[in-house]
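Report on one structure; see the data block that follows.
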Amino acid sequence: MATPVTPPRVRFAPSPTGYLHVGGARTALFNWLYARQTGGTFLLRIEDTDKARSTDESERAIFEGLEWLGLNWDEKVVHQALGLPRHQRDANFLLETGAAYRCFCTAAELDALRQEAAARKDSFKYDRRCDLLPRAEIAHRVQSGMPFVVRFRVPEGETEWDDAVHGRIAFPNKDIEDFVILRSDRTPIYNLAVVSDDIDMRITLVMRGDDHISNTPKQILLYRALGTEPPHFAHVPMIHGMDGKKLSKRHGATAVADYQKEGILPSAMVNFLALMGWSPGGDRELMTLEEMIALFSLEGLQKKAAIFDTRKLEWMNGQHLSRISAMELEPRLTPALLEEGIATAEMLESRREWYLELIDLLKVRARTVLDMVRQAAPFFAGEITYDSDAVEKQWKDRAATAELLHAVQESLAAAAAWTPESLEQALRDLATTRGVAAGKIFQPLRVALTGLTVSPGIFEVLIAMGPELTNQRLRDAYEFLKASAV
RNA sequence: GGCGGUAUCGUCUAGGGGACUAGGACGGAGCCCUCUCAAGGCUCAAACACGGGUUCGAAUCCCGUUACCGCUACCA
């Protein structure tokens with residue numbers, strides 16, 4: 001009863017000409033999810049046939065980006081450039097079977113033709129003039145070493161396929177020109193390299209950006225000419241910037257590494273990316289990778305381009321931040337803390353329990369790891385800076401504030417114990433004695449301890465700081481108040 | 001220009017002919033909670049691009065129009 005389907009093989013095939021773009025990452029994610037869900041194989045192919053633009057550095061950036069997102073690939077990375085002999089073999093095969101022909105037109109000639117067409121307001125399409133050359137002439141030119149490219153002879157008819165996201169798409173072949181498949185330097189053009197490689201890698205489903213829709217009929221034609229049935233295709237929508245245009249540097253951060261630096265968690269990034277162009281149906285939004293694997297389906301793919309809204313990403317990151325445990329968060333926060341010089345590795349190691357509790361305290365109100373770093377600073381020994389707005393608002397009367405903080409210090413010193421309950425008792429008693437609202441004490445104290453008007457609950461802050469640092473901070477506050485009293 | 005694709009709140013989306021007074025989320029406004037800020041709870045504003053069909057009935061199906069996007073290289 002079981003239907004013996006061969007497990008799917010999908011791939012992500014970026015060209016190493018920059019960094020890992022969020023659009024690319026999203027395409028990779030969909031392929032990965034599909035493979036993981038179906039028990040298929042997810043492959044990575046580096047399309048480095050454009051030697052001028054490809055760099056090792058950007059190849060590394062792609063690996064690191066995918067690894068950070070948790071998208072592991074199953075077999076050895078394929079480098080397209082290494083397939084050169086096969087690409088040439090395939091081109092020769094097409095030449096031999098008559099599916100392709102040599103074209104001796106130079107770039108300059110073609111350019112002139114194109115301009116003529118443009119002047120006539122005609123659309124340009126190669127007129128096959130080299131295909132019409134007499135056999136003898138072709139042989140002569142080849143023998144005399146005249147450079148040529150190989151063009152695919154597009155047959156009559158119509159090319160169509162059943163796209164997994166768009167349904168049936170058809171192109172009249174007459175609208176497709178005889179495209180080049182091999183350059184005069186014998187290197188392959190994209191469409192040939194892709195088809196040759198995808199056949200070689202036994203890809204069963206090509207899932208990629210829908211900017212490739214118009215390449216698809218050409219590729220299908222190549223598959224057939226090469227004697228192979230084409231794979232299935234799924235063209236996923238693009239990701240645009242807030243202005244509705246293709247996402248580019250103008251829109252700010254477009255590399256996944258940028259978001260890594262800004263303190264976005266990979267789990268949030270992947271969750272957010274998945275929702276650009278895919279939905280599990282219903283109201284489901286917050287998901288882990290595992291859940292997405294279970295829920296993923298081609299049917300849930302959207303046809304429409306999505307606009308990348310970083311505000312929702314940040315919200316989502318906040319949600320992931322508050323769900324993740326301090327233990328899991330620690331490895332992401334620590335490097336940032338060290339880099340900012342807020343703490344040292346030894347310090348964090350020696351007070352690990354305390355450190356993990358601090359993380360739990362901070363993660364609730366942070367949207368990014370960087371937020372946490374900023375909020376963590378006051379909890380470590382060292383100078384703090386007083387936010388000018390905070391001073392203005394909560395320490396307006398310097399002398400009165402100094403007096404108040406002295407009273408607070410005494411109350412804290414007199415507290416039964418350094419526990420949230422005792423400290424709260426002490427401070428609330430102080431408020432009662434002085435006949436003021438508790439907030440009138442908490443707020444100035446918060447500024448003294450953190451330099452900010454925003455922090456975790458004041459008793460949590462006191463506990464996390466401990467009596468020593470608290471007293472130090474209060475002494476610093478007196479100094480500041482005295483110095484700025486004039 | 002030619003060809004192709006797409007069209008639900010500002011944004012991400014749910015919706016598969018009657019369950020739609022079109023749901024959720026981000027963002028916005030407000031309220032509650034409260035020592036601040038988050039978080040959380042509640043409330044409000046906010047969309048089926050337009051025009052024709054098909055049908056007893058259309059956000060859902062078909063056709064046009066419009067707008068937007070993509071491709072149109074010896075780039076990928």
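Every chain is numbered from 1, with letters handed out A, B, ... down the list of sequences. Just so you know, these numbers come straight off a predicted model, no measurement behind them.
Between A/Phe480 and A/Trp395, the two ring planes are tilted [angle within 30° to 60°].
In a base pair of the Watson-Crick type (N1 to N3 plus N6-O4 or O6-N4) or a G-U wobble (N1-O2 and O6-N3), with each distance short of 3.5 Å, B/G16 is matched with no nucleotide. Pairing for B/U36 is absent, judged as Watson-Crick or G-U wobble with the two contacts each under 3.5 Å. Pairing of B/G27, defined by two Watson-Crick or G-U wobble distances under 3.5 Å, is not identified with any nucleotide. Pair check for B/A7 finds B/U66; Watson-Crick or G-U wobble, both atom distances under 3.5 Å. When both pairing distances are held under 3.5 Å, B/C61 makes a Watson-Crick or G-U pair with B/G53. Partner assigned to B/G2 is B/C71, using Watson-Crick or G-U wobble distances below 3.5 angstrom.
Separating the C1' atom of B/G17 from that of B/U54 is a span of 11 Å, rounded to the nearest Å. For B/A67 and B/C50, the P atoms lie 15 Å apart once the distance is rounded to whole Å. For the P atoms, the distance from B/G1 to B/G40 is 49 Å, rounded to whole Å. Across the C1' atoms, B/A47 and B/G23 are found 12 Å apart, a figure rounded to whole Å. The same atom, C1', is picked in B/A29 and in B/A45; the two are 8 Å apart, to the nearest Å. A distance of about 33 Å separates the C1' atoms of B/C62 and B/A25, rounded to the whole Å. Here, B/C61 and B/G2 have their C1' atoms 29 Å apart, quoted to the whole Å. A distance of about 10 Å separates the P atoms of B/A46 and B/G10, rounded to the whole Å.
For A/Glu47, the listed nucleotide lying nearest its side chain is B/A76; candidates were B/C12, B/A76, B/A14. Considering only the side chain of A/Lys303, B/A7 comes nearest among B/C37, B/A7, B/G4. Checked against B/G5, B/A76, B/C74, the side chain of A/His166 finds its nearest nucleotide in B/G5.
Judged by distance alone, with hydrogens and angles left aside, the side-chain atoms of A/Ser54 form no donor-acceptor pair with the main-chain N or O of A/Lys51 at under 3.5 Å. With hydrogens and angles disregarded, a donor-acceptor distance shorter than 3.5 Å links the side chain of A/Gln88 to the backbone of A/Arg186. The backbone N or O of A/Ile203 sits nowhere less than 3.5 Å from a side-chain atom of A/Asp198 that would complete a donor-acceptor pair. A donor-acceptor contact shorter than 3.5 Å links the side chain of A/Thr27 to the backbone of A/Gly23. Judged by distance alone, the side chain of A/His212 and the main-chain N or O of A/Arg208 form no donor-acceptor pair under 3.5 Å. With A/Tyr259 contributing its side chain and A/Ala253 its backbone, the two residues share a donor-acceptor pair below 3.5 Å. The backbone N or O of A/Leu313 sits nowhere less than 3.5 Å from a side-chain atom of A/Thr310 that would complete a donor-acceptor pair. Distance alone, capped at 3.5 Å, places no donor-acceptor pair between the A/Arg151 side chain and the A/Arg102 backbone.
Note on A/Pro147: nothing from the nucleic acid sits closer than 4.0 angstrom, heavy atoms only. The residue A/Val180 sits close only to the backbone: its heavy atoms come under 4.0 Å of sugar-phosphate atoms, none of a base. In this structure, A/Ser279 reaches the sugar-phosphate backbone alone: every heavy-atom distance under 4.0 Å involves primed, P, OP1 or OP2 atoms, never a base. Looking at heavy-atom distances under 4.0 Å, A/Ala306 makes contact with sugar-phosphate atoms alone, never a base. When heavy atoms are screened at a 4.0 angstrom cut-off, A/Phe171 is found touching the sugar-phosphate backbone but no base atom. Nucleic acid contact class of A/Ser455 (heavy atoms, under 4.0 Å, all strands): base. Within 4.0 Å of A/Glu314, counting heavy atoms only, lies no atom of the nucleic acid at all. Backbone-only engagement by A/Thr49 is indicated by non-hydrogen atom pairs under 4.0 Å involving sugar-phosphate atoms exclusively.
Dashed line: the shortest gap from a side-chain N or O of A/Lys304 to OP1 or OP2 of B/U8 is under 4.0 Å. Distances shown here put a side-chain N or O of A/Arg114 below 4.0 Å from the OP1 or OP2 atom of B/A73. In this model, the phosphate group of B/A76 is approached by a side-chain N or O of A/Arg183 to a distance below 4.0 Å at OP1 or OP2.
A/Glu59 and A/His79 share a donor-acceptor pair across their side chains, judged by distance under 3.5 Å alone. A donor and an acceptor atom, one from each side chain of A/His21 and A/Thr254, are nowhere located under 3.5 Å apart. Checked by atom type, the side-chain pair A/Trp161/A/Asp163 shows a donor-acceptor distance below 3.5 Å.
One can place NE2 of A/His240 at 8 Å from C1' of B/G70, the figure rounded to the nearest angstrom. Going from atom CE of A/Met287 over to atom P of B/G24 covers 18 Å, rounded to whole Å. Between A/Arg168 atom CZ and B/G4 atom P there is a gap of 11 Å when expressed in whole angstrom units. B/U34 atom P lies 18 Å from atom CD1 of A/Ile458, rounded to whole Å. If you take CG of A/Asp360 and C1' of B/A39, they are 14 Å apart, rounded to a whole angstrom. When rounded to the nearest whole Å, the span between CG of A/Asp178 and C1' of B/C74 equals 15 Å. The NZ atom of A/Lys218 sits 12 Å away from the C1' atom of B/A76 (whole-angstrom rounding). Between the P atom of B/U72 and the CZ atom of A/Phe124 lies a distance of 14 Å, rounded to the nearest Å.
At a cut-off of 3.5 angstrom, counting only N and O atoms as typed in the model, there is a donor on one side and an acceptor on the other between the side-chain of A/Ser184 and the base of B/C74.
The distance between the ring centers of A/Tyr126 and A/Phe179 does not fall below 6.0 angstrom.
Side-chain contact between A/Val165 and A/Leu298: absent, with no pair of heavy atoms (C-beta onward) separated by less than 4.5 Å.
With the nearest nucleotide of RNA chain B identified for both A/Arg446 and A/Ala170, A/Ala170 has the one nearer the 5' end. Comparing A/Lys174 and A/Pro14 by the nucleotide of RNA chain B whose heavy atom lies nearest to each, the residue mapping closer to the 5' end is A/Lys174.
Across residues 207-215 of chain A, A/Asp211, A/His212, A/Ile213, A/Ser214, A/Asn215 each have a non-hydrogen atom less than 4.0 Å from an atom of RNA chain B (numbered order).
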Exercise for review: Kindly indicate, with the supporting measurements, whether the criterion side-chain hydrogen bond (donor to acceptor under 3.5 Å, both in side chains) is fulfilled by A/Gln219 and A/Thr216.
Suggested key: CA-CA 5 Å; A/Gln219 296 179 191; A/Thr216 307; 5.4 Å; no

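Heavy-atom neighbours of A/Lys125 NZ from other residues, nucleotides or ligands within 6.0 Å: above the threshold of 12.
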Atom pairs, N/O to N/O, protein against nucleotides 25-28 of chain B, distance under 3.5 Å?
residue: B/A25; atom: O4'; partner: A/Glu285; partner atom: OE1; Å: 3.2
residue: B/A25; atom: O2'; partner: A/Glu285; partner atom: OE1; Å: 2.6
residue: B/A25; atom: O2'; partner: A/Lys312; partner atom: NZ; Å: 3.4
residue: B/A25; atom: N3; partner: A/Lys312; partner atom: NZ; Å: 3.0
residue: B/C26; atom: O2'; partner: A/Lys312; partner atom: N; Å: 3.4
residue: B/G27; atom: OP1; partner: A/Arg367; partner atom: NH1; Å: 3.1
residue: B/G27; atom: OP1; partner: A/Arg367; partner atom: NH2; Å: 2.8
residue: B/G27; atom: O2'; partner: A/Arg311; partner atom: NH1; Å: 3.2

Polar-atom pairs under 3.5 Å, protein N or O versus N or O of nucleotides 48-51 of chain B: list them with distances, or write none.
none

